[in-house]
Q: 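Pasting a structure here, questions to come.
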Amino acid sequence: MEEGFTLKHSTVGIIGLGLMGGSMALALKGHCSHLMGFDSHPATLELALSKNIVDQAASLSALALRGATAETKRIDLLILATPVSTILDLIQQLPALIPDPCIVMDLGSTKSDIVHAMSALPERFDPIGGHPICGKEKLGLENADSTLYKNAPFVITPSERTTQQAKSAAQQIIAAIGACGLEMTAEDHDRIIASTSHLPFLMASSLSGSTPHEFASLIGPGFRSTSRLAGTPSHMMMGILKSNRDNVLNAIQAYRTSLNEIECALQNENYVKLENLLNQARASYHSITDY
């Protein structure tokens with residue numbers, strides 16, 4: 001790869017053309033020289049080509065990816081847009097799949113395990129962790145949206161070996177898709193996101209699982225908005241919960257402590273304390289969401 005990175009002159013490859021990868025492809029159209037998509041599902045590849053989402057699509061196999069890099073366009077920036085567990089598997093495969101120097105960025109929802117795995121890649125790879133804070137419960141390329149990343153926080157988590165070139169590439173991607181970039185360590189990211197993303201999913205799942213089906217006729221917007229994340233397919237969350245287990249357990253414990261305080265006040269008919277707790281929670285809500 002030539003010195004420096006300029007998105008408009010570069011070939012970008014995206015592995016995983018689901019909601020996140022497909023939306024990334026749609027948002028990058030016109031911002032890069034050539035856009036390549038890779039996926040393991042033939043129907044997804046056909047859809048990507050028929051809708052002109054990518055310039056070139058290929059099956060996610062070693063031969064297809066090697067052929068794409070060696071015989072046609074060489075990939076300057078490769079984006080891994082699959083579930084966390086698959087990203088970790090792909091990182092192990094990259095040395096055999098990509099023969100040329102390449103910047104590698106992922107979109108995984110946890111970062112410590114991924115950044116650690118990226119650090120072991122051969123020197124020809126220039127890795128950087130990434131996580132856009134956005135999404136939908138309805139997955140798949142058919143739900144991809146070119147505006148999905150618009151104004152969304154986009155965290156980058158460099159490692160000690162990440163170069164300024166990789167940081168520049170990530171920043172150019174973030175600017176092109178209209179996201180809001182910020183940088184932090186992988187450890188800080190995982191600790192924070194456990195409370196702001198992974199715990200809410202578990203809370204929504206617990207609420208949905210504990211609500212009897214016969215109550216369905218009285219479900220209103222409050223329940224729907226609170227339980228919305230329970231609609232996320234569990235296979236998308238398992239790798240996230242496994243890779244961020246300790247942080248998620250700490251977040252659960254903090255939430256349980258808060259819920260226990262509310263339960264105790266209600267149980268003891270201490271309504272003054274209950275109202276204080278709810279007022280504190282309301283103030284915290286506005287402080288966090290109005291940030």
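We number each residue from 1, following the sequence as shown.
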Q: Indicate the atoms forming the closest heavy-atom contact of Gly129 with Asp106, along with that distance.
A: CA-OD1, 3.2 Å
Q: Within the structure provided, determine whether Met24 and Ile173 are in side-chain contact (heavy-atom separation under 4.5 Å).
A: yes
Q: Find out if a path of hydrophobic residues (ILVMFWY) with successive side-chain heavy-atom gaps under 4.5 Å connects Met36 to Leu80.
A: yes
Q: Are Val248 and Met238 connected into the same hydrophobic cluster when the rule is that any two of I, L, V, M, F, W, Y join if their side-chain heavy atoms are below 4.5 Å apart?
A: no
Q: Report yes or no: do Asp190 and Ser112 form a side-chain donor-acceptor pair below 3.5 Å?
A: yes
Q: Does Ser23 use its side chain to pair, donor to acceptor, with the backbone of Ala144 at less than 3.5 Å?
A: no
Q: Take Leu148 and Met20, measure what side-chain contact (heavy atoms from CB on, under 4.5 Å) needs, and give me the verdict at the end.
A: CA-CA 8 Å; Leu148 182 69; Met20 302 303 289; 3.8 Å; yes
Q: Please state whether the rings of Phe154 and Tyr149 are parallel, tilted or perpendicular, taking 30° and 60° as the class boundaries.
A: tilted
Q: Could you walk me through whether Thr185 and Lys111 satisfy the side-chain contact (heavy atoms from CB on, under 4.5 Å) test, starting with their C-alpha distance in whole Å, then the side-chain angles of each, then the deciding distance to 0.1 Å, before giving a yes or no?
A: CA-CA 9 Å; Thr185 67; Lys111 298 268 62 80; over 6 Å; no
Q: Find out whether Glu160 and Ser119 are in side-chain contact, i.e. whether some heavy atom of one side chain is under 4.5 Å from a heavy atom of the other.
A: no
Q: Is Ile192 reachable from Val155 through a run of I, L, V, M, F, W or Y residues, each pair having side-chain heavy atoms under 4.5 Å apart?
A: yes
Q: Are the side chains of Thr110 and Asn247 in contact, using a 4.5 Å heavy-atom criterion?
A: no
Q: Determine the minimum heavy-atom distance between Ala265 and Leu277, stating which atoms define it.
A: CB-CD1, 4.3 Å
Q: Counting N and O atoms only, with roles assigned by atom type, does the side chain of Ser258 sit under 3.5 Å from a partner on the main chain of Tyr255, one being a donor and the other an acceptor?
A: no
Q: As a quick check of understanding, evaluate side-chain hydrogen bond (donor to acceptor under 3.5 Å, both in side chains) for Thr162 and Ser159, giving each step before the final call.
A: CA-CA 5 Å; Thr162 298; Ser159 67; 3.3 Å; yes
Q: If you look only at distance, which donor and acceptor atoms sit under 3.5 Å apart when one is on a side chain in residues 84-96 and the other is two or more places apart or in another chain?
A:
none

Q: Decide side-chain contact (heavy atoms from CB on, under 4.5 Å) for Leu274 and Ile262; before the verdict, give the C-alpha distance in whole Å, the side-chain angles of both, and the deciding distance to 0.1 Å.
A: CA-CA 6 Å; Leu274 178 60; Ile262 293 173; 3.8 Å; yes
Q: Does Met236 share a hydrophobic cluster with Leu107, counting links as ILVMFWY side-chain heavy atoms below 4.5 Å and allowing steps through other members?
A: yes
Q: In chain order, what residues pass the side-chain hydrogen bond (donor to acceptor under 3.5 Å, both in side chains) check against Arg228, with sequence neighbours excluded?
A: Glu137
Q: Counting only heavy atoms from other residues, nucleotides and ligands, does the tally under 6.0 Å from CD of Glu269 exceed 12?
A: no
Q: Is there side-chain contact between Asp76 and Ile103, with heavy atoms separated by less than 4.5 Å?
A: no
Q: Can you give me the closest heavy-atom contact between Thr6 and Ser10, atom names plus distance?
A: O-OG, 2.7 Å
Q: Are Ile156 and Ile193 co-members of a hydrophobic cluster defined by side-chain heavy atoms under 4.5 Å apart?
A: no
Q: Hey, does Leu7 have a side-chain heavy atom less than 4.5 Å from the side chain of Val12?
A: yes
Q: Strictly by modelled atom types, are Ser205 and Ser208 linked by a side-chain donor-acceptor pair under 3.5 Å?
A: no
Q: What I'd like to find out is whether the side chain of Leu266 reaches to under 4.5 Å of the side chain of Tyr271, using heavy atoms alone.
A: yes
Q: With distance as the sole test, does Ser210 use its side chain to make a donor-acceptor pair with the main-chain N or O of Leu207 at under 3.5 Å?
A: yes
Q: Going by salt bridge (charged side-chain N to carboxylate O under 4.0 Å, His left out), name the pairs with one or both residues in residues 12-38, residues two or more places apart or in two chains.
A: Lys29-Asp55
Q: As a quick check of understanding, evaluate side-chain contact (heavy atoms from CB on, under 4.5 Å) for Asp126 and Phe5, giving each step before the final call.
A: CA-CA 12 Å; Asp126 194 354; Phe5 177 92; over 6 Å; no
Q: Can you tell me if Asn244 uses its side chain to pair, donor with acceptor, with the backbone of Ile240 under 3.5 Å?
A: no
Q: Does the side chain of Ser168 come under 3.5 Å of the side chain of Gln172 through a donor N or O and an acceptor N or O?
A: yes
